[in-house]
Structures are given as structure tokens and as C-alpha cells.
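Below is one structure, written out as C-alpha cells; the observations come after it.
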Amino acid sequence: MSDLDRFDDSVRELRTAIFPVVAIPSRGGAIAGYALVASAAVTVAGGIVQAVSYHFPQPVQSSGLFTGQLNRPQLTAVDRVQLLTRGAGVFSALLVLLGAVLLVVASRSEDRRDSVRAGGLWVAAAVAAVVLVANTALGVAFVADARGALVAGAVADRVASILALLAPVAISAGVLLFVVVHLASVAAPAHGTAGSGDAPGATPR
Amino acid sequence: LEIDMVIDGVARRPGLALAGCTWLGFAAPAAVAVERAVSLDGPLTSRVSFASTGFGGLASLCLVVAAMLVLLEQLSSPVETSAVLVLAGVVGVSGVMAVVMTVVGFVVLPIWSISTPAAAWAEVVPSYLGSGALAALAAMVAGLAMRGPGASAGGA
């Protein structure tokens, strides 16, 4: 082994990430994790569909002399993002958090390279990324004093609206970090963990 | 160098970072409710009652999840780190605060206030009793995490 390899191993030992390992039924925990991630994905997908397809109902003026259609207000891009965050909100972030944690916690050392579980974690990361991007974009729009029929009230109380967006942004960012670090540590070769004195479940980053 | 150490620490304990982020999921709606209550016109009782709405619902659920994540982190590592203890303390104090706000806002204040109809009060009490129970659970779990790995392993 060259000096460079030894240095590489010592650096990996220093950067071991610790993941929780709990004695729960692996299969049951994984199924619950998949169900939670799937429900979060469906909720976010519903928000995406609503953001793309929603339009205000056509207002109709009806009186004794005139019956006709009025111009309906147009949705701006910020309104569409606001509609998206109805699906991609704090509840979806919490669902995907619980799903990702269950998938990681229920994994055993022998099946860490399980591609199905990795797929579930990638879906969780994608859902968290949508929640993060949508809520961050809405926050930026509030700061930029964006106009829209659906966001007028929120822009008026800007500080509270931005504070409220902090919850889904923080949770989804945490989930994204958790999943990415876990997948990166699974992908890395397992040098330096055996006998290194780390906790059970410690894997190199 | 300090930024590198923070980034390296976060990458080493991603579960702890996740617990901190989840606690923010509690703190953000609570801060929104308090901020709106401060800017509200009206008597102190209605302001406190309005502020207490931010501590219920999903906020208390986030607090329970954060407490359980901290406990999992405590159980995962035999090495006791100050970050885990600090976060457990923050979550525990938040849990106690949420219990107090829930009790004050939805049990004590409506009894004092003659303007709150009993029927309206009875409608909201069950959901906020649930939120108060979740906050109490969060405080208990965080207290377990604060006592260290030995106590957590024995008590969990």
C-alpha cells in the first residue's frame, strides 16, 4: 500500500458518517417507508397538476337586461408556484422525511446496496427537491414584491409569509442532505469502518 | 476552516442536521403566530390565544419527530456529543413551551373570557388537547435524550 493510499484511508476514517440503526422489522419498516414516500410523491404530483391546469372559473353576470361573460383574471407565474406549494408544502416534506428515515433506519448492513431501497431514497430526494425549489421560489417572489391574484394577501404580510415558508424549506433541505449523504456513503467503498471504533451503522461518506 | 468543520460535522451526523431542520418546522409556524399576535389589535387574552394557534397541529408533530430523531442519534452513537445534548435541550424547552401555550390558549383563556361561546370552545379543545399531548411527548422524549445513551437505552 502506498503512502497516498494510507493517507486516503485515514481521511475516510475521519469522515465517517453515523446513521441510526434500530431493531425494527426490516421489511415492515421498508414497506412503511415506501408508502410514506409514495404518498408524498402523489401529493406533490397533485400540486404540480393543479399548478399547470388550474384556471379561475368563468364569472357570469346575469341581470334582467344583460347576460354575458366577464373577463376572468389571469394567473401569473407566482400564482402557479403558490398552487404548487399547496401540494409541495410542509405536510409533504414531513411525509417524505418520515419515509426517508424509515428506509434508512430499516436498512441492514447486508442489504445496503439494495437497488429498490436506493430507488425509494432517490424518489424521496426528488420530492424533497421539488418542495425545496417551489417554496424557495415563492419566498424569493415575496421578497421581490411579486403581483398575483392568489398571493396578494401573502405579499401584504411579507415577514410572516416568508417565515411560514421556512418550515417546508428547512425540512426538505434536511431530507435532501440526509438522503444524499446516505447514498454517497453507500456508494463509497467500505474502507476503515471495521474495527475503527465507530458506532454500529457508521459508514464512510 | 470553521466553515469546513461545520460542513464536515453536518456530513458526519446527517441525522442530527435533519433533527435540527425538523425543529425549524416547529419554530417557523410558532414564530409566524407570535409575530401576527404582536401586530394584532385587541386585548391581551385574544393575542395570547391567537399566538397559541401556531404551536398546535403540524408544528407539534414536527416537534415530536425532531425529538425522536434526536433520541435515535443519541442511541446510534456511544460517544456523547455536545451537539446532541444542546439540540435535545432546545427540543425539550420547545416542548414545554408548546404545552404551556396550548394549555393557556385553549383551556385557561376561554374560561376567563366571557366573549367565547362554550360551543365554539368545545369544538377546538379536542384537537388542541391532541397537540398538547404531542408536545408533552416531545418534551419527554427530548428529556430522555438529554440524560445520555445509557438512560436512553434503558428507558426506550
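Protein chains get the first letters and strands the later ones, always in sequence-line order, with residue 1 at the start of each.
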Considering all heavy atoms of both residues, which atom of [X] and which atom of [Y] are nearest to each other, and what is their separation?
{"X": "B/Val32", "Y": "A/Ala164", "value": "CG2-N, 3.4 Å"}
{"X": "A/Leu177", "Y": "B/Ala17", "value": "CD2-CB, 3.7 Å"}
{"X": "A/Ala167", "Y": "B/Ala28", "value": "N-CB, 3.7 Å"}
{"X": "B/Cys21", "Y": "A/Gly174", "value": "SG-CA, 3.7 Å"}

With chain B as the partner, which of A/Leu163, A/Leu165, A/Val159 has the greatest number of non-hydrogen pairs under 4.5 Å?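 Ranked by contacts with chain B, first place is A/Leu163.
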inquiry  = Under a 4.5 Å cutoff for heavy-atom pairs, which residue among A/Leu166, A/Asp157, A/Val175 has the most contacts with chain B?
reply    =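 That would be A/Asp157.
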Item to complete: Let me know if B/Leu16 has heavy atoms under 4.5 Å from chain A in its side chain, its backbone, both or neither.
Response: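 Contact with chain A involves no heavy atom of B/Leu16 at all.
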Taking atom CZ as the centre, does A/Arg147 end up with more than 12 heavy-atom neighbours from other residues, nucleotides or ligands that are less than 6.0 angstrom away?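 No - once you tally the heavy atoms of other residues, nucleotides and ligands closer than 6.0 Å, there are 12 at most.
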For residues 82-98 of chain A, give me every residue with a non-hydrogen atom less than 4.5 Å from any non-hydrogen atom of chain B.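 Answer by number: A/Val90, A/Phe91, A/Leu94, A/Leu97, A/Leu98.
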Most chain A-contacting option - heavy-atom pairs closer than 4.5 Å, from B/Ala33, B/Ala59, B/Gly25: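 Result: the option with the highest number of such pairs is B/Gly25.
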